[in-house]
Amino acid sequence: MSTDLPAPAGEPVPHRRTWRLLHGRGRYVGDIRLPGLLHAAVLRAPHAHASIDAIDTAAAAAVPGVMAVFTGADIATVCAPWRGTHGLYPRLAAPLQHAVAIDTVRWCGEPVALVVAASRAVAEDATALIAVDYTPRPALADPEAARGGGPLLHPDLGTNVCLTAAHEAGDVDAAFAAAAVVVEETFRFGRHTGVPLEPRGLVADFDPSERRLTVHHSHQCPHQMQHEFARLLGLAEQRVRVIAPDVGGAFGIKQQLYGDEIAVCAASLLLGRPVAWIADRLESFSADIHAREHVVRGRIALSADGDILAFAVDDLHAIGPYSQYPRSSAGEGRAVLAQTGAPYRYRALRARSTAVFQTKGMAGHYRGVGQPIACAVTEALVDRAARKVGLDPVAVRRRNLVRAADLPWRAPTGLVYPRLAVADCMAALDAHVDLAALRRDCDDARRAGRMRGLGLATFVELTSRGPGFYGAGGVPVSSRDGCTVRLEPGGGVRALASVTEQGQGTETGIAQVIAAALGVPLDTVEVITGDTATTFHGGGTWGSRSMAIGGEAAWRAGRALRAEILDVAARLLQADAAALDLRDGVIVEAATSAARLTLAEIAAVGHFRPHELPAGPQPQLVASASFGPLDGPFRAGSGIQLAVVEIDPDSGAVRLDRFVVVHECGRVVNPLLVDEQIRGGVAQGIGATLFEELIYDTDGQLLTGSLADYLLPTAADLCDIELVHVHAAPPESDGLGLIGVGEAGTVGAAAAVLNAVDDALAARGASIGQIPCTPERILTALGAI
Amino acid sequence: MPMIPNLIPITCTINGETVSLSVSPRETLADMLRDRLGLTATHLGCEHGACGACTIVYDGRTARACLLLAAQADGAVIETLEGASASGRIAALQRAFHERGALQCGFCTPGLLLAAAEVLAEHPAPSRDAIRAALSGHLCRCTGYQAIVDAIEATAAAATGAGSRR
Ligand code: FES
Ligand code: FES
């Protein structure tokens, strides 16, 4: 295959689903109304840590319209508890977690009871009438205290440490001893969450006559949920169907099993009626997956010439009171270990990651999963060390980037990169912007008394993972995806794909790949996703994988169907299949392009008049393929992000003046949609760096439970994001050569903005090693307050 | 023990149709539109006035349906995205959003389309900064806003360009 994919793959086609959404025809779970539908509301813990001494539900149950009130013990009669273990980390302490707390609550917002009523309003009223006697216990809201001990959240575990992982390579002590400069700094990252604009929610519909459960679920991984619902609720998996309708954003937040969600399924089981539950925004902030609360002590060793000699990182990661399920809480710290110093040639690494329990909301996977932390620490250390040794930070990066000649690059992290394009990205950045001029512009502004800064972040994104982490760790999460492509009687094509869609445009990409594989017009291909009853079992959306893996499956299925269509055509025409081609939906003679048959004619023979076919195999007119990477643990995307900011010295506000992303991700199925994935990811990284933080007080009470307190970036806060694509030679080992792209923007953005803010502060001899860089923190760093 | 609320009779015009119904005193306009009338393009992202997903047009001005009570709709003329879409008045914006990729999950989109139409009605050729400022009450978590600004700018350019050719 050439560098380009065959059309219409590779073309900037608008995402087709958006046409429907633009006309108000979206169908999100909150829009689904089933006959007999009931509504649930969740009573949540008001304490960060307390024992439940008694629950009196009588008054709530007596409210007209209330069908049932379920405590944790009630739900547990039909729903098994779980532990977020991981077989590759046998020492990971994974406490038992119930869907709804039974005797102890461990975060403010943990479900305590569920009311099911004729309307949500009645259900909410009734939750206020549930009387719960609590005995408060000490909260644990400081990660450093948890590492050292603190009140035990799980006395049976005997520790508040969930997991410690460590990795060492090379002679670290010698490298630091030989360094011209060593920079050591502690970086603090605020607790963030993804805030999909559509809150989590589901409609669970259990039919007791057949013990059949259908769940309409705002989720990224419906197949995973089918498996878990079946297992934990004791149902036959083939009678559990999870349908993900239109999903209003997810970003990793809709990737795990949630207690409140499976409790709604359990309520449907117990009542034999459909039950709906949609989180309100306060519930979202208190009970959605949080992420990124890290304290990282980082060290870098640099030679006088600017060679990076070694990194040492000690990462402390505050999770909630449990290991998330089913994926466990091992992934975030692992990503920090695996990605430290990723773009650079250095030889020695000492890394440790410790995950500790907290009486705060559950923590888990948010877009980038640990990679933004590793990138920010690495890039901030590179900047600081360069300044300290008296070199330009950009020059230090150029000197140390992994080059083509270094491939395959065996990094001190233990990862092997067969392919990495960071040096190509630097060349492309130079072609796009005059870095020296940007530097002069910041320095001129500085001389004029302004605080202007330039920040750069080189990043590597690990995408499209194989089975080496979850599968090998005994976690039932698929690294594969599948696709069935079939020829409909009218000559159109219908595809059933196991990948899922939360707005990225995956369905459109799948349609493009199938149209290209078959040789049919794009608008004749219809793609169905998000239904476990009709599609292959597959991984869905996680880890930047949908097109790279699901697209490959679609290509293979499309090619197989094309081969059969040509075979049927050859038999009908008594021609040689190799002399025929399928182009733009018409069977033609390959040599002359002369039209011979339409697809509709083939389909009509196959479906209605198969007796007309000469002897041979029965026509199928359908083909399937499933695919998952087995040739390597991941495929790496590469990039550089650049930010120019100006700080208002009076208010401490940071204004973004310029943002550039250079990116390389193999062959691109749809450049329009890839660009928007990157921009959206960058916006989330910028939000994390300047605005967003979940703040808890020392008692473990969440202080940022609304969108007026947890600030998301608005249109006025952001600038345009310039994109430059690098086209390095695509990976050839497996088919289309696609690399995932969904998290790339988020992985590098925080580092670029943090470095730009720090560069601006350097004008006044100040520095900041904490995100978000709020005005208050900036003024504090400046000594102004 | 909550009181069983009395019902309030209201009559209003919604997407050009006269609608009479009895609403509870605590029912929001958003819930009324969604649950009683099936107008589910009015999305609920926060229910506290911060995200803009529930934006509708109320007597000619955009408003947040989560902050209005259904009872306040009595006598009002209301348009939701369904109505604006059916009338064709936002067709150019819809096409520009689609072509430019100005939405991903689409949850913010109904509010943004109605807000964008209002911006263009008041400022036929707004600057990019003016568009950004005008949208600052609407949250989109997917796009980073640039494509939305592009789509609105392109719609304005096409409209004024057509005007000058006339
Ligand atoms: S739902 Fe009304 S502003 Fe968010
Ligand atoms: S497109 Fe998802 S919130 Fe805007």
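Computed from a predicted model, the values in this text were never measured in an experiment. Chain letters run A, B, ... following the sequence lines, proteins first and then strands; every chain starts at 1.
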Please classify the contact of [X] with chain A as side chain, backbone, both or neither, using a heavy-atom distance under 4.5 Å.
X	result
B/Gln94	both
B/Leu113	side chain
B/Ser136	both
B/Phe107	both
B/His48	side chain
B/Ile148	neither

Report which part of [X] has an atom under 4.5 Å of a heavy atom belonging to chain B: side chain, backbone, both, or neither.
X	value
A/Arg17	neither
A/Val195	both
A/Val13	neither
A/Arg120	neither
A/Asp31	both
A/Leu673	neither
A/Ala121	both

If we define contacts as heavy-atom pairs under 4.5 Å, which of [options] has the most with chain B?
options	result
A/Pro12, A/Gly681, A/Gly24	A/Gly24
A/Ala683, A/Ala708, A/Gly26, A/Ser706	A/Ser706
A/Gly194, A/Ser119, A/Gly505	A/Gly194

Inset, instruction - Have a look at B/Gln104 and tell me which of A/Glu676, A/His15, A/Gln502, A/Gln677 forms a side chain to side chain donor-acceptor pair (under 3.5 Å) with it. - result: A/Gln677
Quick check: do [X] and [Y] have side-chain heavy atoms less than 4.5 Å from each other?
X	Y	value
A/Leu21	B/Thr109	no
B/Leu135	A/Thr714	no
A/Pro713	B/Arg141	yes

Legend entry - chain A interface, residue from B/Gly144, B/Ala147, B/Ala50, B/Gly45 that has the most non-hydrogen pairs under 4.5 Å: B/Gly45
Proximity of [range] to chain A, residues having a non-hydrogen atom under 4.5 angstrom:
range	answer
residues 73-88 of chain B	B/Leu81, B/Glu82, B/Ser85
residues 125-134 of chain B	B/Arg128, B/Arg132, B/Ala133
residues 31-42 of chain B	B/Arg34, B/Asp35, B/Thr40, B/Ala41

Inset, instruction - Can you establish whether the number of heavy atoms outside B/Glu122 located under 6.0 Å from its atom CD is more than 12? - result: yes
Legend entry - Over 12 foreign heavy atoms within 6.0 Å of CZ, A/Arg25: no
Inset, instruction - Provide the closest heavy-atom pair for A/Ile721 versus B/Gln146 in the form atom of the first, atom of the second, distance. - result: N-OE1, 2.5 Å
Legend entry - Listed partners of A/His217 passing ring-ring contact (aromatic ring centres under 6.0 Å, His included), at least two apart: A/His219, A/Phe229
